[in-house]
Structure formats: C-alpha cells, structure tokens
Student: 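Provided herewith is a single structure, encoded as structure tokens, for subsequent inquiry.
Each chain gets a letter, A, B and so on, in the order the sequences are listed, and its residues count up from 1.
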There are 2 protein chains.
Amino acid sequence: MLSGNKSSNVVINDKSFNTETEPPQLLKQERENVPFTVRDITHYLNGSVEQTEILEYAMQRVERDPLFNNDAFYDLTKDEIRELCFKRVANLAKYLLDSRKDGTDFRRYFDAVSVADPAAVTRLGVYTGLFMNSIEGSGTPEQIKFWYSLGANEYKRFYGCFGMTELGHGSNVAGMETEAVFDSETDEFIINTPNLAATKWWIGGAAHSATHCVCFARMIIKGKDYGMKSFVVPLRDVDSFNLLPGIAIGDIGKKMGRDGVDNGWIQFTKVRIPRQFLLMRYTKVDRSGNVTEPPLNQLAYGALVSARVNIAVESFNTARRFITIAIRYAAIRRQFASVPGQPETKILDYPLHQRRLLPRLALTYAMNAVSMELRDNYDRINNSLLNVNQNDKAALKKAVNDTKEIFALSAGVKAFTTWATADIIDECRQACGGHGYSGYNGFGQGYADWAVQCTWDGDNNVLVLSMGRALIQAACDAKRSKPVGEPFEYLSRHGQLKSSKLGSRKIDSPEVIVEAWEAAAANALISSSEIYEEELAKVKGNVAQAMEAASQQRFESARIHTRLYHVTAFFNRIKNSSSSGIKPVLTDLAILFGLWAIEKDAALFLTSGFLSAQDIKNITKLVDVYNLKIRNYAIPLTDAFNLSDYYINSPIGNYDGDVYKNYFNKVVRRNPGYDAKAPYYESVAKPFIQRSDEPKLDLSVLDE
Amino acid sequence: MLSGNKSSNVVINDKSFNTETEPPQLLKQERENVPFTVRDITHYLNGSVEQTEILEYAMQRVERDPLFNNDAFYDLTKDEIRELCFKRVANLAKYLLDSRKDGTDFRRYFDAVSVADPAAVTRLGVYTGLFMNSIEGSGTPEQIKFWYSLGANEYKRFYGCFGMTELGHGSNVAGMETEAVFDSETDEFIINTPNLAATKWWIGGAAHSATHCVCFARMIIKGKDYGMKSFVVPLRDVDSFNLLPGIAIGDIGKKMGRDGVDNGWIQFTKVRIPRQFLLMRYTKVDRSGNVTEPPLNQLAYGALVSARVNIAVESFNTARRFITIAIRYAAIRRQFASVPGQPETKILDYPLHQRRLLPRLALTYAMNAVSMELRDNYDRINNSLLNVNQNDKAALKKAVNDTKEIFALSAGVKAFTTWATADIIDECRQACGGHGYSGYNGFGQGYADWAVQCTWDGDNNVLVLSMGRALIQAACDAKRSKPVGEPFEYLSRHGQLKSSKLGSRKIDSPEVIVEAWEAAAANALISSSEIYEEELAKVKGNVAQAMEAASQQRFESARIHTRLYHVTAFFNRIKNSSSSGIKPVLTDLAILFGLWAIEKDAALFLTSGFLSAQDIKNITKLVDVYNLKIRNYAIPLTDAFNLSDYYINSPIGNYDGDVYKNYFNKVVRRNPGYDAKAPYYESVAKPFIQRSDEPKLDLSVLDE
Ligand SMILES: Cc1cc2nc3c(=O)[nH]c(=O)nc-3n(C[C@H](O)[C@H](O)[C@H](O)COP(=O)(O)OP(=O)(O)OC[C@H]3O[C@@H](n4cnc5c(N)ncnc54)[C@H](O)[C@@H]3O)c2cc1C
Ligand SMILES: Cc1cc2nc3c(=O)[nH]c(=O)nc-3n(C[C@H](O)[C@H](O)[C@H](O)COP(=O)(O)OP(=O)(O)OC[C@H]3O[C@@H](n4cnc5c(N)ncnc54)[C@H](O)[C@@H]3O)c2cc1C
C-alpha cells in the first residue's frame with residue numbers, strides 16, 4: 001500500500017511498513033534483548049512471588065467476571081452506572097468473603113477493582129473500610145460481637161455507611177454540629193440535625209444502600225458537651241428498606257467522577273437510639289449518664305489511617321496504568337522527521353517527551369516503594385494497637401506513639417502520592433496528544449475518578465499542614481539536640497549536614513543523592529523552624545498563631561520531607577530486594593528519580609549550599625542521560641506492572657501496540673450503525689441549515 | 001436556633017448567626033468600605049466602557065435565551081447534549097449575524113458562550129474560525145466570493161469543518177498522508193485516504209453538521225509531491241444531507257469533555273473535486289497542472305494564530321469564573337477555630353489558603369492583560385496582512401515578519417495561559433474541599449471541557465519548543481550584539497543585566513520586579529544559548545540535532561520569557577489605564593503576581609545573582625504580606641469580573657453568598673422525588689442484601 005508521505009514508510013528487517021502496519025512491530029522490538037527478567041520486577045513490585053500470584057488470581061477473577069466488563073461503560077447514564085456499580089459491589093463482597101476462606105489478603109481484590117472501577121471500591125470500601133473499622137476500632141468487644149451478629153461483617157441484611165462530614169463542616173471534625181443528647185429516662189441518645197448546615201453530606205451508601213450509619217455527633221449529657229463521638233444509627237428497616245422515622249435522606253446527585261457511588265445527605269430529626277449504640281471502646285457512658293473518658297483520645301481515628309494507607313497503594317496502582325498507556329503509545333507514535341525523507345521520530349525519542357514521561361515512570365516506582373513500606377508498617381502497628389493490653393501503660397504508650405507517627409507519615413504520603421497520581425494522569429493524557437482526550441482511552445474518566453482522592457479521607461492541604469507542624473516541632477527539638485523520632489533522624493545530624501557539599505564527587509550515586517536530599521531537607525526544616533520561632537517571639541509564645549504564620553514553611557517542610565522519604569524508601573527497597581538481576585535497572589531508575597527531583601527543587605540545594613549553579617546545570621544534563629538509559633527499558637519497565645489489556649482499558653495502550661487498529665475498532669464498535677444525519681436532523685439541524693431568508697416586512701404600507 | 005457547636009455561633013452587629021444563617025452576611029461585609037469603584041475595574045478588564053456595554057449586551061442575550069439554560073445539563077446523555085448543542089449553535093450563529101448588522105464585535109458572543117457552554121463555541125467556532133479563516137486567509141478573492149455565494153458566510157445551506165488532523169498525524173502537518181492527485185484530463189483533484197492511519201480524525205462538525213470540509217492533503221501533480229495544501233471538499237449533499245459518493249464518516253464518540261461537539265472521522269475514497277477547490281491565494285495550479293509556489297509559505301497558517309489568540313482570551317474568561325467561585329466560597333466557609341470557643345476561621349483568612357487563591361487571582365488578571373494585548377496586536381497585524389499589496393515587497397516582508405513574531409508570541413501565550421487555567425480550575429476545586437467535587441459546582445465539567453485547550457490548536461509542548469527555538473536564536477544573536485526583535489529587546493541588554501542585583505533596594509516595586517525578571521530571563525536565555533552552542537559544536541553544526549539536545553533549555557527559555565511577558569504586560573496595562581482610582585489595588589495585585597512568580601522560580605534568581613538566599617526568604621514573607629493586602633479586596637476584585645450567577649453556574653459561588661441554602665436547593669431540585677429505595681432495589685439490591693445462606697451441599701450422600 002503506497003503512502004503519499006515517504007517519511008511514513010519504514011523498513012524493519014527488510015520488510016516495508018507504513019503508519020498503519022508498523023505499530024505492533026515496534027513494541028516487539030522494544031521487548032527484545034532486555035537484560036533483566038521482567039517477571040522479577042513484577043515480584044519486586046508486589047513484594048514476593050506469592051503476592052504476585054495472589055494478586056493475579058484476584059485480578060483474573062475480576063477480569064473474567066462479566067459484570068466487570070467495561071466495554072459499554074462510556075455510554076451509561078448516572079442511574080445505569082449506579083445500578084451496575086451495586087451489582088459489582090455485590091460480587092466484590094462475595095470475593096471478599098471468599099478470601100476469608102482461602103486466607104488471601106482481601107485487599108488484593110480492592111487493588112484489582114480500584115483499577116477497573118474505582119467507584120465500586122469506594123462504594124464497598126466505605127462499608128468494609130470506614131464503617132467496619134469504626135466498629136472494630138471504636139467498639140467494645142461486646143459491641144463488635146453485637147454488630148457482627150446482625151450481619152455487619154457478612155455484608156448481609158446489613159449495609160454500613162460512614163457519617164462524619166456535614167454540609168458546613170468537613171476537615172474540622174470537632175466542629176460538627178449534629179447532636180446526640182442523652183435521655184436518661186429512656187436510656188437513649190437523641191440524634192438531631194440542628195440546622196441546614198449540619199446536614200450529613202457526601203455520605204457514601206446513604207442514598208441507596210445503607211441500613212446503618214456510623215454517625216459522628218457531639219455527645220451532650222446533662223447539658224454538658226463532650227464533643228464528637230461516634231454512634232451507630234439505623235437508617236432503614238432492613239426488611240422493607242424504608243427509611244426509619246426521623247430519618248430524611250436525599251441523593252447528592254451528579255459528581256465530577258465516581259458516579260457509581262450513591263452519596264447521600266442525611267438529616268436526623270430527634271432520632272432515638274439505645275445508649276449502647278454509642279461506640280464505647282474509649283469513651284464510656286453508663287446507665288446513669290456517667291462518662292468515662294479515655295486517656296488517649298486520638299486512638300479513635302485509627303480507621304482514617306487505614307484508609308490513607310490504602311489510598312497511597314491505590315496511587316501507585318492507578319499511576320502505573322496511565323504511565324503504561326502513555327509510554328507504550330509514545331514508543332509507537334511518530335511525529336516530525338528529524339531528517340527530511342527519513343522516517344519520523346518516535347515521540348519517546350524526543351528529549352522533552354522523555355522528560356515528561358520517564359521521571360514520572362520513576363516516580364511511579366518510588367510510590368510503589370513508599371506505599372508498600374507504609375502498608376507493612378501500618379499492618380504491624382495496627383495489630384499491636386488492637387491487641388495491646390489497655391492496662392499495660394508502657395505498651396499502650398508505645399502503640400499510641402507508633403500510631404501518631406504513622407498518622408503523620410501517612411498524612412504526607414497520602415497527600416503527595418495522590419497529587420502525584422493526578423499529575424501523572426494529566427501529563428500522560430497530554431503526552432498522548434488529542435487521542436488522550438478520547439473517552440475510550442481512559443484519561444478523562446480516570447482523572448475525574450481520581451481527583452477526589454486529594455480531598456477526602458483528609459484534605460491534602462490540611463494533612464500537609466498537620467504533618468508540617470510535627471516536622472517544625474521536630475526541627476526545633478533537633479536544633480536543641482533533643483531526641484527526635486526515627487523518621488526525622490537526619491534532623492539530628494543537621495549540624496554536620498550543614499557543611500555537606502557535592503564538591504568533586506559525582507552526584508549520580510545513591511549515597512550522594514540521599515545525602516544531598518538530607519542536607520537540603522535538614523537545611524530547609526531548620527530554617528523553617530527558625531522562622532517559626534521568630535514568629536513565636538512576635539506573638540509572645542502563642543503557638544497556634546505562630547504556626548499559622550509559618551504555614552508556608554510547614555507546607556514546604558512536609559513536602560520536602562516526603563520527597564526525601566520517597567528517595568530513601570526507593571533505594572532501600574532496591575537494596576533489600578532478593579533479585580539481583582533487576583538491581584542495575586532499578587537503581588538507574590531511582591537515580592533518575594532523585595536527580596529529577598533535585599532539578600525541580602534546585603533552589604533548595606543552592607540555598608543549602610550542597611550544589612552550585614554549575615552543578616545544577618550538570619544535573620539537567622544528567623537527567624537527559626538517565627532518561628536515555630531508562631528509555632531503552634521503558635517498555636519492559638511498564639510491562640512489569642503486569643496489567644492486562646482489560647485493566648489498561650485503553651486501545652492506544654494495549655500490549656500488542658497495534659494502536660491505530662485497536663483504537664479505530666473501539667470507536668467504531670462504540671458508535672455503530674452510523675447515520676450521516678443526526679437523530680435530531682429533521683427537528684433541529686435541517687430547519688437551521690435549510691432556513692429561508694427572513695421575510696422582509698414591507699413597512700411602507702404602514703406609512704399611510 | 002441553637003447549635004450544639006458554640007464556635008459556629010457568630011455575632012455580627014449584635015445579631016446572632018449560625019452556620020446556616022451567617023453566609024450571606026459575610027459577602028455583604030466584604031463589599032463594604034471598598035476604596036475603589038469596582039465598575040472601573042470591570043472597564044479596565046474589558047478595555048473600555050463601551051466594550052463593557054457590548055459584552056454585557058451579548059452576555060444578557062445569551063443568559064436570557066431559554067436554550068442556554070443550564071439547570072438540567074448535568075443529567076443529559078451524550079446524544080441529548082449533542083442535540084442541545086446544535087440548537088445553541090443555531091442561535092449563536094444568528095447572534096453573530098446580528099452583530100454584523102449592529103457593528104459589534106462578534107467575538108463578544110464567543111466570550112459569553114465560552115463560559116456558559118464551551119462546546120457550543122467550539123462547534124460553531126470550527127466553522128466560523130478555522131474553516132472561514134482558511135477560506136478567507138488561503139482563498140483568492142474569487143474563491144472567497146464563490147464560497148460566500150454558496151452561503152458559507154451566512155451559515156446557510158452550508159456548514160464548514162476543518163480537516164487537518166489524521167489518526168496517525170497531528171502536530172506535524174507536513175506529515176499528513178491524505179492525498180490530492182491532480183487528474184489533468186478532467187481538471188480535478190482526486191482526494192484519497194491511502195491507509196487507516198490517514199483517516200481524518202477529530203474533525204469537529206464532521207459527524208453531524210458539515211456540508212464542506214477544508215481538507216489538508218498532499219498535492220501530487222504529475223507524480224510530484226508538493227506537500228500539504230488545503231482543499232474544499234464537499235461532504236454531504238446539502239438538500240438530502242446524505243454523504244456524497246466516496247465519503248465515509250463516523251462518529252468519534254465519547255470524549256473527556258465538550259461532548260456537544262460532533263467530532264468525526266472521514267475517509268476519502270478517490271473523491272473527485274474541481275481543481276478550483278484548491279485554495280489558491282498562495283499556491284496556484286493552472287489548467288495544465290502548472291504550479292506557482294508562493295514566496296512565503298507560512299502565511300497560509302494565519303487561521304491558526306487567530307485561534308490561539310482567542311484561546312488566550314478564553315483562558316482569562318474561564319479562569320475568572322473558577323477563581324470567583326473559590327474566593328467567594330472561601331470568604332464564607334469556616335473550618336477550625338483558631339481560638340477555642342471563638343468562631344471558626346474563614347478559610348480565606350488562612351495564610352496557606354490565601355497562597356493558593358490570591359496569587360492565582362493575580363495571575364488571572366495578568367492573563368487578562370496579556371491576552372488583551374495579544375488580541376489588539378493580532379487585529380492590527382492581521383488587518384495589514386490581509387490588505388497588504390502582494391507586489392509591495394517591503395510591506396509584504398514587514399507583514400510577514402510581524403506575523404512570524406505574533407505566531408511565536410501567541411504560541412507561548414497560548415500554551416502557558418491554557419496550562420495556567422487548567423491549574424486554576426483544579427486548585428480552585430480543591431480549595432472548595434468536597435463541595436468542589438459536586439457536579440453542580442461546575443469544576444469537574446469545567447476541567448474536562450478545558451483540558452483539550454492544552455492540546456488542540458497547537459499542542460502546548462510543541463508550541464513551547466518552537467517558541468524556544470526562536471528564543472535561543474535570539475539569545476545567540478544578542479550574545480553577538482546582533483539586533484533582536486522588539487519582544488526580545490532585554491536580551492540585548494544582557495551584559496548590563498548580568499551584574500544587576502537587588503542590593504539594598506526594596507523588591508516590591510514594579511520597576512525592580514521587572515528588572516529582576518529581565519535579569520533572570522536574560523541570564524537563563526543566554527545560558528541556554530551557550531548550552532545550545534556547545535551541543536551544536538558536538539554535532540558539527542547540525543542545528544536540528546543541537547536544538548533537540550537543548551530541548552529542556554528551549555522549554556525553559558519559552559516558559560521564562562512568557563512569564564516575563566506576563567509581568568510587563570500587567571504593569572504596562574495598569575500604567576496605561578485611564579482610571580487612576582484603581583491603580584493602587586491593581587499595582588498591589590501585579591506586585592503580588594511578580595513576587596509569587598519569583599518565589600516559585602527562586603533558582604533562576606539565585607543563579608542569575610539578582611537575589612540572595614536571604615532575599616528569597618524575605619520574598620516569601622512579602623508574598624504573605626501582599627496576600628493580606630489583596631485579601632481585603634478579594635471579593636470586589638472577583639465581583640469586577642462581572643459574571644452573573646448564570647455564568648458562575650455554581651451555587652457555592654453565587655453573588656449573594658448564601659452558600660448552603662443555594663447548594664442544598666440545587667441538589668434537591670436536581671434530585672427530586674427521592675425514594676429511599678433505588679430504582680434497582682427489587683432487582684439488584686434486595687437479592688444481595690436479603691440473600692440467604694448458601695445451601696450447604698450434603699456431600700456425604702455421594703460417599704456411597
Ligand atoms: C465523593 C465524596 C465522597 C465522600 N464520602 C464521604 C463519606 O462517605 N463519609 C463522610 O463522612 N465524608 C465523606 N466525604 C467528605 C470528605 O471526607 C470531605 O470532603 C473532606 O473531609 C474535606 O472536608 P470538606 O469538604 O468539608 O473541606 P473543608 O474542610 O471545608 O476544606 C475546604 C478547603 O479549606 C482548606 N482548609 C481547611 N482547613 C484549613 C486550615 N486550617 N488551614 C488552611 N486551609 C484549610 C482545605 O485545604 C480545603 O481546600 C466525601 C467527599 C466526597 C467529595
Ligand atoms: C476534542 C478535539 C477536537 C479537535 N478538533 C479538530 C478539528 O476540528 N480539526 C482538526 O484538524 N483537528 C482537530 N483536533 C486535533 C488537534 O488539533 C490535534 O489533536 C493536535 O493538533 C495535536 O495533535 P496530535 O493529537 O496528533 O498529537 P501529536 O502531535 O501526536 O503529539 C503527541 C504528543 O507528542 C508530543 N510531541 C509531538 N511532537 C513532538 C516533538 N517534535 N518534540 C517533542 N514532543 C513532541 C506532543 O507534545 C504530544 O504530547 C481536535 C482534537 C481534539 C482532542
């Protein structure tokens with residue numbers, strides 16, 4: 001087939017190809033002569049061979065489940081999406097129950113479905129995660145047993161939702177206005193929504209699914225306000241599914257994404273619940289209304305940490321999908337001929353395009369390292385917290401400290417990984433040019449579904465500020481040579497790091513990159529703490545005010561510390577990997593990540609004195625050099641993510657690389673039976689196109 | 001009404017308010033004691049009192065047009081959206097025709113509709129902009145007359161679309177593969193799609209509307225390939241609206257946004273058109289197939305510049321909507337009490353929140369300045385280009401040079417304003433917390449509609465690289481003291497700027513900020529040109545290769561130069577404003593913009609030596625200070641954008657500030673007739689919720 005554009009004709013192994021026929025050849029080429037075993041990287045990413053197998057099993061079940069077929073998803077209405085989503089929730093719930101029997105980690109199903117249909121994970125996750133974690137984390141053993149006995153843990157004749165947020169209050173949980181007034185006569189709490197702004201809002205599952213709600217309300221007993229506590233409030237009669245008396249629920253309606261979730265609003269009009277529906281693991285209320293407050297209040301928020309950890313994992317899971325699409329496409333897409341008459345250049349061979357994608361590939365791997373580390377730590381800490389003897393003061397204190405630490409760490413990781421994933425989806429879309437804007441290539445829906453991760457389960461900016469507070473305090477301590485927690489250890493070396501310089505060393509080694517980041521971070525954090533202390537002096541020791549004035553410093557401290565954590569976690573994880581064949585390429589990838597991150601934050605390194613302006617210029621060159629190294633293995637490094645075409649769900653990102661045919665076929669399949677005339681041709685288009693001249697009014701007849 | 005949360009009770013002028021009742025009071029307060037006339041700023045933004053009036057007239061017509069009512073938009077299917085969009089196109093076309101009669105600028109209607117329904121503007125704009133500009137810019141006077149006579153310019157019995165992009169080629173126009181082979185026997189061109197990848201793709205209007213297409217194809221005459229030319233190709237019979245022989249069209253289907261546009265694909269199978277349908281203003285082909293090529297080829301791309309200028313204006317128009325919503329909401333939303341028991345703090349009073357919104361408010365104003373300047377320049381240059389005597393060589397050269405300059409400038413401005421607007425929409429959404437994710441508050445659809453602006457009409461990265469090439473060349477010239485074009489004038493002062501330092505001066509003055517930016521930009525560009533020349537030496541003078549190697553430097557040069565242009569245009573426009581009362585606040589705003597931009601790019605200023613590390617710390621403080629100044633006028637400064645609630649189309653951003661009531665009412669209105677049971681309750685939900693235990697199989701009967 002002759003093509004008019006000579007530069008679109010390419011010869012591979014003596015055979016001639018054109019724009020239509022060449023693409024699948026290209027990915028084959030990219031997969032030749034790879035000096036490492038792709039499968040080993042998959043195991044590295046998943047943690048072990050066993051984890052890969054468990055995950056693959058879960059992914060296969062979902063992929064083969066006809067309900068999870070996504071071919072027609074694009075054209076569903078909100079109502080249809082909601083219905084389909086519930087069907088998926090029902091199946092997913094069964095998978096979770098199965099996983100209990102065979103002892104596999106149920107989160108693997110969430111890992112799988114979060115790529116295929118994030119709304120389904122949310123819709124069930126609000127129940128299995130937020131609701132159940134509240135029960136299990138804040139209920140007494142008897143209460144847990146009680147709610148289990150109603151079916152809560154079997155997802156049967158029971159559906160839980162999580163009612164914290166109100167129309168007028170979100171991040172500030174302590175400010176919620178829903179009230180729970182104790183009626184000592186009847187031994188009940190009366191749950192009430194005092195004004196419009198106190199309406200529970202955004203509650204996932206409320207509109208269509210939930211029978212019960214964990215409701216956050218301020219507990220008022222004998223006129224005294226004890227602040228926010230959590231109560232289980234029945235919403236619907238499980239048999240008739242009608243709303244119970246005093247419960248008003250409405251549908252939140254259209255959202256930016258995740259329309260499969262039936263978010264609702266709830267108003268309580270003096271709804272009575274037994275006193276025992278207050279979750280009493282910590283705060284206890286007896287028959288006479290006497291209150292016992294726990295020694296350490298923050299423990300009740302454990303459910304939130306678990307959600308954040310899952311979100312960090314989901315950040316990696318989601319980012320890998322989009323970076324795979326964009327890199328595969330870039331290895332095929334040609335645009336502009338560098339030499340006239342020669343084949344056009346694949347966009348992945350343009351230095352700018354490499355800069356857009358390959359450091360983000362490295363970032364995706366870094367997020368894997370960070371989130372896996374966080375998940376492991378959380379599992380450990382959460383287990384010890386749940387099993388700690390409440391009377392063993394030392395053990396309790398340790399468990400609480402660990403929880404605080406992971407609470408802070410998870411805050412920063414949650415915020416910066418979700419932002420990073422949003423950035424990756426968006427940049428990858430743009431890297432695919434116009435085709436990134438097609439509904440069928442997944443970026444639009446992917447972004448819309450993802451965006452909320454930056455807001456819920458702790459608004460990113462609020463999380464970052466709170467982490468920043470902890471960091472400034474740690475920096476203040478370090479400055480005075482007080483001990484600091486393990487994750488902030490480098491701060492105690494700030495004196496020595498201050499004089500650390502690259503000098504004549506090469507920057508592209510793991511040790512030097514880590515040192516550079518530690519030096520820059522220590523410098524920035526110590527400097528931030530100084531600004532904070534200046535502010536503190538100005539406001540005569542008012543910590544809240546000084547912390548507010550140092551907001552930017554808090555934000556930056558958290559940002560920089562989390563970056564450092566990404567760098568170190570990535571190098572550590574490579575070091576600890578048991579598979580030596582993959583270490584060289586992963587190390588290059590981690591170096592690329594570290595250098596790119598330095599370049600982006602050049603001012604930090606100039607300010608700390610670790611790097612000179614000339615060093616920065618060299619780093620810019622080195623980023624190009626490492627991009628070129630990684631470019632050679634870009635396809636195998638995305639293949640290692642191990643996502644089948646079903647999960648990729650983007651014809652320009654399929655494994656076979658037959659971009660144009662796959663994409664064209666998808667568009668034609670989803671828009672079949674084409675009629676050149678629009679359905680509205682007769683009624684709308686024709687009257688406009690064929691309109692006749694406006695009649696000219698003959699006004700002269702009016703002039704007598 | 002008593003609220004449980006004491007800190008939610010606020011006393012204003014001795015009256016007591018709560019979260020529900022307080023909001024509208026707050027915006028009233030914000031509008032008191034404003035030391036400038038808001039209306040004057042509106043005129044400043046629009047260019048003059050007259051322009052404000054013209055714009056208001058256009059906006060009112062659209063707002064009052066029942067077809068443009070958006071109340072139900074959220075729940076329409078793609079097909080319904082398409083139909084509604086065509087109705088709107090028909091009305092919009094009539095407005096445009098009216099504007100010819102009353103002599104107003106038709107673009108004011110696009111300004112209005114681009115906020116209310118961006119898809120409608122696109123759907124008509126492809127015709128009135130891209131198609132008509134091609135005819136008028138590339139057609140001979142006779143051809144223009146001919147196509148006018150068919151109704152092209154009356155939008156009657158005619159609908160034009162623009163067929164440049166192909167499935168396999170976008171940015172590289174020269175690489176398109178559609179062929180136009182001249183048949184000298186019949187005096188026709190034969191338009192043909194040689195392979196799948198050559199299918200015309202994304203063509204707006206093709207699927208449902210267009211009768212004619214400006215088709216880009218490589219002209220082949222007597223075996224010689226003359227490269228890309230534009231041809232008018234009839235697609236449908238205007239009476240029957242059936243596709244003409246040889247034309248195959250399909251629907252592109254679902255997109256990330258702008259589903260109102262009927263993008264389609266087109267395949268031509270040896271379609272014959274008269275020779276005269278080649279647009280021959282520049283390249284001419286006579287009856288015998290003799291070709292006359294124009295002296296200056298690039299003139300044919302004028303249509304693209306016009307589109308870019310309009311996009312820059314649209315960037316401002318769009319950004320102002322979202323920044324208004326986020327700032328109004330932030331002036332009302334309270335979250336967390338700084339002092340226990342006191343009213344919670346409005347989020348606009350948090351330093352971090354100010355940093356997120358107020359510099360972006362300033363950026364929005366800067367985009368106004370830049371885009372207005374660009375539009376004025378374009379009008380001037382385009383007029384002289386269209387009217388230039390083709391035989392007056394000097395005038396022609398000047399016109400071409402001016403066009404080249406605006407081509408380059410518009411490239412950078414288009415890229416960085418569209419990216420800025422995407423960032424503003426997204427940051428504003430996050431600034432509204434969860435409510436930013438509600439479909440009814442506009443951010444999701446707004447982002448999805450906007451995103452494509454970074455890709456079409458010149459992919460941003462490709463544009464930036466091409467502008468970067470021009471800048472590196474200018475810097476090379478400046479280094480050798482050769483003359484440089486007017487927009488690069490500061491480069492010729494690079495020697496003097498090299499030693500320029502802040503020293504003991506204050507940074508927060510217009511002159512010093514401009515000097516800082518000029519010094520940093522000159523330093524960065526000269527340094528980039530040196531890197532480029534090193535690369536050039538390495539590859540023995542191969543310019544293309546060296547430019548490729550200096551991609552990052554090109555990118556950064558364009559980015560920095562465009563930033564500088566924003567800074568200077570903003571200050572200039574304030575200086576030239578005739579209204580002195582508004583200058584103080586606008587100057588503060590421009591200073592905030594300049595300082596914030598410096599802080600974000602601190603490394604540039606450290607490297608150039610203009611600022612020290614200590615200066616940067618001071619600037620961080622100054623940004624806080626200027627944020628506080630602007631915070632006082634944030635509401636009036638957004639009111640000045642003059643968008644009615646119709647255009648705001650976001651209940652949390654309404655003028656009256658009654659956030660919770662407006663939003664609640666909207667949600668309830670769009671989700672009426674609520675039934676606690678989902679429509680799929682009986683069929684889907686109940687069988688899951690009420691499922692009985694799985695029957696236990698009695699396998700013992702099988703054991704004999
Ligand atoms: C799709 C969706 C589903 C949800 N599902 C549930 C659910 O099932 N159950 C539930 O209880 N909730 C749910 N939520 C609510 C969610 O948890 C909240 O939206 C989130 O906690 C943020 O709170 P907010 O929206 O009130 O934002 P706000 O807290 O009001 O924040 C608004 C803005 O102010 C800023 N801000 C706030 N405080 C400060 C400060 N001190 N300093 C500086 N800046 C500040 C924030 O950064 C943010 O940008 C859901 C939300 C969404 C969008
Ligand atoms: C909704 C929509 C409507 C449209 N309407 C029309 C229409 O009506 N008529 C029409 O003709 N077209 C239309 N287009 C097409 C649009 O103009 C193209 O999408 C755009 O020109 C970009 O081209 P591309 O998609 O082929 O991207 P490509 O050019 O393939 O670019 C892909 C990626 O490669 C990068 N890249 C390309 N070249 C280089 C290089 N040399 N160096 C470094 N990086 C590079 C780009 O930055 C981009 O990220 C429309 C597109 C969309 C999405």
Student: A:W201 vs B:Y663, test: ring pair (Phe, Tyr, Trp, His ring centres under 6.0 Å). Steps then yes/no.
Tutor: CA-CA 12 Å; A:W201 201 261; B:Y663 177 32; 5.2 Å; yes

Student: Against chain A, label B:K661 side chain, backbone, both or neither, depending on which of its atoms sit under 4.5 Å from a heavy atom there.
Tutor: both

Student: Between A:K254 and B:N671, do the side chains contain a donor N or O and an acceptor N or O under 3.5 Å apart?
Tutor: no

Student: Given a strict heavy-atom distance threshold of 4.5 Å, which part of B:I249 is in contact with chain A: side chain, backbone, both, or neither?
Tutor: both

Student: Side chain from CB out, backbone as N, CA, C, O: work out which of these in B:V238 comes under 4.5 Å of a heavy atom of chain A, or both, or neither.
Tutor: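 Contact with chain A is through both the backbone and side chain of B:V238.
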
Student: Heavy-atom distance under 4.5 Å to chain B: side chain of A:R355, backbone, both or neither?
Tutor: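 Just its side chain gets close to chain B.
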
Student: Can you list the steps and then say if B:D75 with A:K78 is a salt bridge (Lys or Arg N to Asp or Glu O under 4.0 Å)?
Tutor: CA-CA 8 Å; B:D75 299 310; A:K78 183 173 98 258; 3.5 Å; yes

Student: Under 4.5 Å heavy-atom distance to chain A, tell me which part of B:R236 shows up: side chain, backbone, both or neither.
Tutor: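 Only the side chain of B:R236 comes within 4.5 Å of chain A.
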
Student: If you tally heavy-atom pairs under 4.5 Å against chain A, which of B:G444, B:A544, B:A685, B:A602 wins?
Tutor: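 Maximum pair count with chain A is reached by B:A685.
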
Student: With under 30° as parallel and over 60° as perpendicular, where do the rings of B:Y680 and A:F86 fit, or are they tilted in between?
Tutor: tilted

Student: In terms of heavy-atom pairs under 4.5 Å with chain A, which of B:P351, B:S527, B:A550 leads?
Tutor: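 Heavy-atom pairs under 4.5 Å are most numerous for B:P351.
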
Student: Is the centre of the B:Y447 ring less than 6.0 Å from the centre of the A:Y447 ring?
Tutor: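 Under 6.0 Å, so yes.
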
Student: Is there a donor-acceptor contact under 3.5 Å linking the side chains of B:Q430 and A:N461?
Tutor: no

Student: Assess the pair A:W265 and B:F664: is the distance between their ring centroids shorter than 6.0 Å?
Tutor: yes

Student: Could you measure the distance from the CD atom of B:Q335 to the CG atom of A:D459? Nearest 0.5 Å is fine.
Tutor: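 Between atom CD of B:Q335 and atom CG of A:D459 there are 9.0 Å.
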
Student: Might you point out which heavy atoms bring A:A613 and B:T607 nearest each other, and give the distance in Å?
Tutor: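 Answer, listing the atom of A:A613 first, then B:T607: CB-CG2, 3.8 Å.
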
